[in-house]
Amino acid sequence: MRYSRLLIPTLKEAPSEAQVVSHVMLVRGGFIRKLAAGIYSLMPLGMRVVAKIERIIREELTRSGAEEVLLPMVHPAELWQESGRWQKYGPELLRLKDRKGADFAMSPTAEEAMCDLVRRDVKSYRQLPLNLFQIQDKFRDEMRPRAGLMRGREFIMKDAYSFHATVEDAHREYKNMYDAYVRIFKRCGLEFRAVEADTGAIGGSMSHEFQVLADSGEDAIVSCDNCDYAANVEKAEMKRTAGEAAAPKAAALEEVHTPGAGSIEEVGKMMKAKANAFIKTLIYIADGKPIIALVRGDRELNELKLKAALAVEALELASDALVREVTGANVGFAGPHGRSVPVYADMEVREMGWAVTGANKTDYHVKGFNLGRDVPEAKIVDLRTAAGGDPCARCGTGHYKAYRGIEVGHVFFLGTKYSEPMKVNFLDAEGKDKPMVMGCYGIGVTRIAAAAVEQNHDDDGIQWPMALAPFQVVITTAGREPELAAAAETLEAELTARGVEVLYDDRDERPGAKFKDADLIGIPLRVTVGKRGLAEGKLELKKRRDKEPTLVAQAALADELARLIQEALA
RNA sequence: CGGGGCGUAGCGCAGCUGGUAGCGCGCCUGGUUUGGGACCAGGAUGUCGCAGGUUCGAAUCCUGUCGCCCCGACCA
């Protein structure tokens with residue numbers, strides 16, 4: 001392909017709205033352009049990357065026995081009402097009306113539509129199992145889209161749904177998909193971890209996330225340094241034993257003036273106290289009623305654990321107004337003592353003889369706090385989120401290491417969560433009507449592109465893994481002599497004949513500008529045709545990740561490039 | 001939805017104690033250049049996000065509104 005004929009509008013400066021590295025580089029490199037918040041167009045280069053990801057997914061899923069379909073993006077409301085998600089999904093489900101006033105939804109996921117498809121045509125155990133997937137745009141009206149392709153509102157997702165006669169068979173398929181996902185992400189050249197995960201709004205009883213490791217990731221994960229246990233911190237089990245309740249180390253609570261300092265960090269600095277001497281007082285609204293939850297200042301509260309401890313459906317951090325109502329103070333100065341609200345304390349809080357917490361009075365904290373003395377009625381529960389350094393709950397000997405991750409895939413065992421309400425039934429061998437057992441499996445296609453950039457870049461630009469690169473080789477000429485162009489065109493033809501994806505930068509630019517663009521858009525292999533080398537029959541080969549080029553004989557270069565590409569894709 | 005910030009040329013920004021808009025990059029033309037984002041000369045490009053208001057006069061002041069970004073809450 002000729003560079004001059006492609007739309008590759010690279011930018012020297014990124015739009016100020018782009019902050020995250022993958023966002024900045026994908027915009028600067030001319031891969032994507034924004035149409036609205038969280039809604040992006042794929043430019044030619046971006047489309048090439050996405051097409052490569054999709055191809056890998058198709059190949060591996062087809063190999064695993066799944067079949068591709070394409071469901072509509074616009075779903076009638078009735079389907080969503082049938083599953084109950086028309087109510088439950090909330091404002092993230094984009095709803096629309098047609099000219100007759102009938103309700104529709106833009107598909108954020110397709111359990112309902114797929115269930116409908118299957119229940120119409122699949123009636124017998126003889127037709128099972130079945131695994132159908134699609135690669136399609138999804139729309140989720142996220143509260144806060146961010147970071148370009150990382151969290152868009154419209155994005156491309158591969159979603160697969162499997163249907164089974166028995167739980168055992170669904171488990172077998174779950175494993176089958178898990179293995180396919182491992183192959184897919186390996187082929188994409190990503191460094192990732194499969195971790196145990198919460199099932200969230202999709203539901204079901206078993207679930208793994210595939211997390212691309214990157215410091216900019218939104219998810220926190222832990223994995224054991226001894227066994228193979230790894231989990232999202234939301235889900236991570238902890239080996240905890242309740243310690244002794246500590247006796248108070250101070251005679252009484254003492255108020256401390258902490259003007260304007262609401263965060264543990266600020267108050268800690270002011271009082272010269274470490275975060276682990278603090279008690280974090282969090283006010284939640286649980287099924288409509290306020291409650292107070294406590295964890296040590298240096299810990300994170302795990303909302304799933306709190307939800308389980310409270311046995312409630314809905315749990316939400318209280319609004320600032322409610323915090324003021326409960327505490328009588330501004331946000332940042334809440335304490336658990338003297339409130340008429342149930343208090344749930346993490347077991348670690350009980351072991352603190354002397355602690356700092358909010359005074360329930362704006363600009364004041366208290367020191368000398370002791371849970372047993374000051375809030376004797378508090379219920380002691382496990383509320384802490386697992387973190388690096390904690391002992392592993394699974395093997396008992398190892399310890400957790402903490403990572404950040406970008407969730408690029410998620411597999412769920414659904415059971416009959418959708419098939420029962422949607423009446424996706426079949427007749428078994430005895431002629432009995434039963435709901436099918438289901439699994440569902442998602443991959444964020446466009447998110448993979450962003451995750452790959454997060455993991456593969458330097459200051460000059462992207463360093464695409466070979467499998468995802470929009471082109472495998474870029475040829476640049478350093479000079480305007482006709483023999484340079486002739487040599488470049490010969491090489492382009494040789495490479496094309498070998499099936500290599502080659503971009504020939506034929507623009508009338510100075511070499512420096514071409515090198516900068518080649519680095520920015522991240523082509524893995526670069527050939528430079530220069531006067532000096534060409535005089536000796538040699539061309540310059542530089543790998544995007546290497547600092548220095550090597551000289552290769554002109555006649556041998558096409559084979560050498562083809563070999564390098566094969567090696568990188570193996 | 002809470003907190004913070006920003007909307008001026010395609011991109012990055014200045015102008016904001018009121019007097020109808022400017023810089024750099026990019027773009028177009030001509031010339032000189034050609035191994036890490038060249039130089040010179042000339043040129044095009046704006047309903048200053050939108051709507052009201054104050055004023056002789058508004059990018060600038062006031063009110064409202066829309067959009068966008070960041071942090072939080074939320075989230076396959």
Side-chain angles (χ1 to χ4, degrees), chain A residues 9-20 23-24 27-28 30 33-39 85 89-93 107-111 138-148 151-153 155 157-161 197-204 207-210 218-219 232 234 262-263 282-285 303 314-324 330-332 407-412 414 440-444 447 460-461 476-481 484 507-520 526 528-534 540 542 547 549:
Chain A
T10 57
L11 303 172
K12 287 187 184 170
E13 288 173 289
S16 54
E17 67 197 34
Q19 306 289 330
V20 174
H23 187 192
V24 169
V27 172
R28 280 196 56 210
R33 288 292 184 261
K34 185 177 76 181
L35 188 61
I39 302 180
R85 286 207 290 183
Y89 214 98
E92 211 175 299
L93 183 68
S107 173
T109 173
E111 283 78 13
K138 297 290 180 296
F139 197 96
R140 293 183 187 174
D141 199 355
E142 298 268 357
M143 274 177 193
R144 195 181 149 217
R146 56 179 291 270
R151 176 170 295 280
R153 290 194 292 173
F155 57 98
M157 178 170 98
K158 184 286 298 180
D159 44 329
Y161 307 84
D198 182 53
T199 53
I202 294 287
S207 158
H208 284 85
E209 290 168 347
F210 290 78
E218 293 184 301
D219 293 336
N232 191 308
E234 292 177 342
S263 74
L282 298 158
I283 297 160
Y284 279 89
I285 179 141
E303 291 189 1
L315 182 72
E316 215 180 314
L317 209 51
S319 64
D320 291 2
L322 182 64
V323 171
R324 274 184 220 110
N330 283 344
V331 175
E407 182 193 351
V408 291
H410 205 151
V411 294
F412 298 85
L414 292 178
C440 78
Y441 321 92
I443 292 180
R447 189 182 277 181
D460 291 320
T476 57
T477 47
R480 308 176 78 191
E481 290 74 5
L484 299 185
R507 293 174 302 167
D508 187 19
E509 291 285 350
R510 296 160 68 93
K514 295 185 186 182
F515 295 153
K516 286 287 185 190
D517 276 336
D519 286 347
L520 178 60
R526 188 183 85 202
T528 303
V529 184
K531 273 168 287 190
R532 294 191 291 272
L534 197 58
E540 200 177 285
K542 184 182 168 300
K547 266 206 122 55

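The chains referred to below are lettered A, B, ... by the order of the sequence lines, with proteins before strands, and numbering in each begins at 1.
Remark: the A:Lys516 side chain and the A:Thr10 side chain contain no N/O donor-acceptor pair separated by less than 3.5 Å. Side chain to side chain, A:Glu111 and A:Thr109 meet the donor-acceptor criterion of an N or O pair below 3.5 Å.
Within 4.0 Å of A:Lys34, counting heavy atoms only, lie sugar-phosphate atoms of the nucleic acid but no base atom. Across all strands, A:Ala147 comes closer than 4.0 Å only to sugar-phosphate atoms, never to a base (heavy-atom distances). Residue contacts shown for A:Tyr284 are absent, as no nucleic acid heavy atom lies under 4.0 Å away. Residue contacts shown for A:Asp519 include a base, since a base heavy atom lies under 4.0 Å away. A:Thr528 comes within 4.0 angstrom of a base, heavy atoms only. At the heavy-atom level, A:Gly530 lies under 4.0 Å from base atoms of the strands shown. As judged by a 4.0 angstrom heavy-atom cut-off over every strand, A:Asp460 is placed among residues making no nucleic acid contact. Heavy atoms of A:Glu540 sit under 4.0 angstrom from at least one base atom. Within the 4.0 angstrom heavy-atom criterion, no nucleotide atom of any strand lies near A:Arg447. Across all strands shown, A:Arg28 has heavy atoms under 4.0 Å from base atoms, whether or not it also approaches the sugar-phosphate. Backbone-only contact: A:Arg146 has heavy atoms under 4.0 Å from sugar-phosphate atoms and none from a base. A:Ala18 comes within 4.0 angstrom of no nucleic acid atom, judged by non-hydrogen atoms across all strands.
Listed by chain and residue number, A:Glu481 satisfy the salt bridge (charged side-chain N to carboxylate O under 4.0 Å, His left out) test with A:Lys531 (two or more places apart in sequence, or in another chain).
Going from atom CG of A:Asp508 over to atom P of B:rU32 covers 13 Å, rounded to whole Å.
Shown here, B:rA41 forms a base pair with B:rU29; the pair counts as Watson-Crick or G-U wobble because both key distances fall under 3.5 Å. Across the strands present, B:rU65 finds its partner in B:rG49; the criterion is a Watson-Crick or G-U wobble pair with both atom distances under 3.5 angstrom. B:rG24 is paired with B:rC11 under the Watson-Crick or G-U wobble criterion, all donor-acceptor distances under 3.5 Å.
Phosphate contact (OP1/OP2 of B:rG12, side-chain N/O of A:Lys12, threshold under 4.0 Å): absent. Listed pair A:Ser16 / B:rC13 meets the phosphate criterion, a side-chain N or O lying under 4.0 Å from OP1 or OP2.
At a threshold of 4.0 Å, the pair A:Glu13-A:Arg28 does not count as salt-bridged, since none of the basic side-chain nitrogens sits closer than that to a carboxylate oxygen.
Side-chain contact between A:Pro108 and A:Glu92 is absent, with no heavy atoms from C-beta onward closer than 4.5 Å.
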